[in-house]
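The structure under discussion appears below in the form of C-alpha cells.
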Amino acid sequence: MIAAIRGTHDILPGDVEKWQYVERVARESCERYGYVEIRTPIIEREELFAKGTGESTDIVQKEMYAFTDKGGERVTLRPEATPSMVRAYIAHNLEHAMPAAKLYAMGPMFRYERPQKGRYRQFHQLDVEVFGMENPAVDAEVIDLAWTLVTQLGIAQAELVINSVGCPACRPVFQAALLAALGDNLGRLCGDCQRRSATNPLRIYDCKVPADQPIIDGLPHSVDYLCEPCATHFVGVKTHLDAIGIAWRQSHRLVRGLDYYVRTTFEVLGQALGAQNALLGGGRYDGLVKQLGGGDRAGIGFAAGLERLVLALPESAPVAPPAPAFVVAIGDEGRAAAWLLVRELRQAGLAAQMELEAKGVRAQMKRADRLATRVTLIVGGDELARGEVTLRDMATGEQRAIARESVVTAVRDLL
RNA sequence: GUGGGUGUAGCUCAACGGCAGAGCACCGGCCUGUGGCGCCGGUGGUUGCGGGUUCGAUUCCCGUCAUCCACCCCA
C-alpha cells in the first residue's frame with residue numbers, strides 16, 4: 001500500500017459533512033458582509049512569499065514546500081494566502097476596478113512542519129482580505145465577521161484577543177525601548193529569545209519558557225509606545241467593537257509572527273484544540289500592497305483554519321445532509337417500476353434511492369432505515385395492479401396507498 | 001528541527017513469550033410483501049513495515065514509517 005504524505009489527510013464520508021457545513025457557513029457569512037470570492041493558484045513564485053510573508057519569518061525560512069520546476073523557476077506551494085491575494089489585486093488592476101475590495105478565498109495551504117493536533121502539512125484556510133480602506137470601522141467589521149463566523153458555527157468558549165503593534169513610525173521607538181528595558185537580562189533569556197531580539201524583538205512575547213517569564217513580564221508594552229495616529233486608530237477599533245457588543249480582551253503579548261502586520265492584530269482562541277489553540281488570526285498590513293509593487297493601499301484581513309473550526313465544532317452542529325426518499329421494489333415488475341419512480345423523484349429535485357442489487361423486502365427496508373430516510377415508497381404487484389404506490393412514514397410506521405401520479409407531491413410534503 | 005507516548009478487525013480496545021479475542025459496525029437467519037428492539041449465525045487480521053534475539057515474538061531489542069502530546073511555529 002502506498003501511504004499518504006505525512007501531515008496530509010483524506011477526509012472521508014462522515015467527516016466531509018462537517019467540512020461542507022463549515023464551508024457553507026463561512027461562505028454565507030462572508031457574502032452577508034459583502035465579500036466576494038476570489039480563487040488564486042496554490043503554486044506561486046517563491047519570491048512572492050519571501051517578499052510578502054517576510055524573509056525573517058519561520059514560514060519562509062524553514063516551512064515552505066519550495067523547489068525548482070522543470071523550467072528552472074523557483075516556485076512554492078503557498079504557505080498562506082495573503083500575498084497571493086495582494087498579487088492578484090495588483091496584477092488585475094483591481095485597485096481601479098475595486099478601489100475598496102472585500103475579498104475571500106478558501107483552499108489548501110502547505111507548510112513543512114511537524115504535525116500535531118490542529119497542525120498539518122496540508123491544511124485549509126478561509127482567507128478574508130480588505131484592500132484600500134483605512135478606517136478603524138473596517139478593522140471592527142473584519143473582526144465582527146471573524147467573530148460571527150465562530151459563533152454561527154456554535155463554537156462555545158471562544159475568546160477574542162486584540163492588540164496593536166504600531167506602524168513603521170512608532171514601532172522602532174518601541175523596539176528600542178524593549179531592548180533597552182531588556183538590557184543585561186538579555187543574556188539570561190533562552191536561546192530562541194536571544195535570536196528573536198536580533199531578528200524581530202516583538203516575538204520575545206511569544207516565549208513560553210517559564211524561566212523567561214519574570215523578565216518578559218517587566219518589559220514595556222507596544223500600546224504604550226503608539227504614535228498619535230496609531231493610538232487613535234486603536235481606540236477607534238475598540239470603540240466600534242464595543243458599539244456592536246463584541247467582547248474582546250487586549251493582550252500586549254499578541255504580536256503574531258508575520259512581518260507585514262501593522263497596527264491592529266487579533267486572534268480568536270478556542271478550547272480543546274490543544275496547544276494549537278488559534279481558530280483564526282489576522283491583522284492590518286497597510287504597507288504590503290505597495291511593497292509588492294502596487295499603490296499605497298491599506299490592507300487588513302484574517303485567516304481561519306478550517307481543520308480547527310471542524311475540530312471545535314459542537315456535537316449538535318446540523319451537519320447531516322437531508323435523508324433521501326427510499327423506494328422498495330418487490331419482484332421483477334416492481335423493480336422496473338421502482339427504477340422509473342426513483343428517476344422521476346430525482347428529476348423533480350428530490351433525493352431518492354433504491355436498492356439496485358436484487359434483495360428481499362426486509363433487506364431493502366433495513367437499508368432505508370440505515371439511511372435514516374423519512375419516507376419509503378413500496379412498489380409491488382399489488383400496487384401496480386391498482387396504479388398505486390404504498391407510502392410509509394418511517395417515523396410512525398403508518399402506511400397508505402397513493403395514486404401513482406401524486407407520488408412526487410406526497411413525498412415532497414413529507415420531506 | 002528537538003523530546004516523549006502510541007501503532008492488534010472498518011471503529012474502540014483486550015491478549016504482553018506458547019492456537020489472535022471482545023464490544024460496536026457490516027452481512028444473513030428467526031420474519032418467503034415491511035426497518036428500528038431482541039435472539040442466533042457469518043464475513044472480516046501478513047498484530048504499521050523491515051531486521052534481530054528465541055524452539056517459538058502481537059509480546060523483548062534495533063531501525064523505519066505513521067500518529068498523538070509537548071517544544072518550535074501558527075490557522
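- Where pairing requires Watson-Crick or G-U contacts shorter than 3.5 Å, the helical stems of RNA chain B with at least three consecutive pairs are B:1-7 with B:65-71, B:10-13 with B:21-24, B:26-30 with B:38-42, B:48-52 with B:60-64.
- For A:Arg203 and B:C72, a side-chain-to-base donor-acceptor distance below 3.5 Å is absent, hydrogens and geometry of angles not being considered.
- With hydrogens and angles ignored, no donor-acceptor pair closer than 3.5 Å exists between the side chain of A:Arg392 and the base of B:G33.
- Ring centroid separation for the pair A:Tyr65 and A:Tyr112 comes in under the 6.0 Å cut-off.
- Contact annotation: side chain of A:Gln364 to base of B:U34, donor-acceptor pair absent below 3.5 Å.
- If you check distances only, the side chain of A:Arg119 never reaches the base of B:C74 with a donor-acceptor pair under 3.5 Å.
- Geometrically, A:Lys238 engages A:Phe234 in a cation-pi contact, judged by NZ or CZ lying under 6.0 Å from the ring centre and within 45° of the ring axis.
- The side-chain heavy atoms of A:Thr376 and A:Val327, taken from C-beta on, include no pair separated by under 4.5 Å.
- Residue-to-nucleotide contacts include a donor-acceptor pair under 3.5 Å from the side chain of A:Glu383 to the base of B:G33.
- If you check distances only, the side chain of A:Arg367 never reaches the base of B:G35 with a donor-acceptor pair under 3.5 Å.
- For B:U2, the base has a donor-acceptor partner in the side chain of A:Arg114 [N/O atoms by modelled type, under 3.5 angstrom].
- Using a 4.0 Å cut-off between charged side-chain N and carboxylate O, A:Glu37 and A:Arg39 make a salt bridge.
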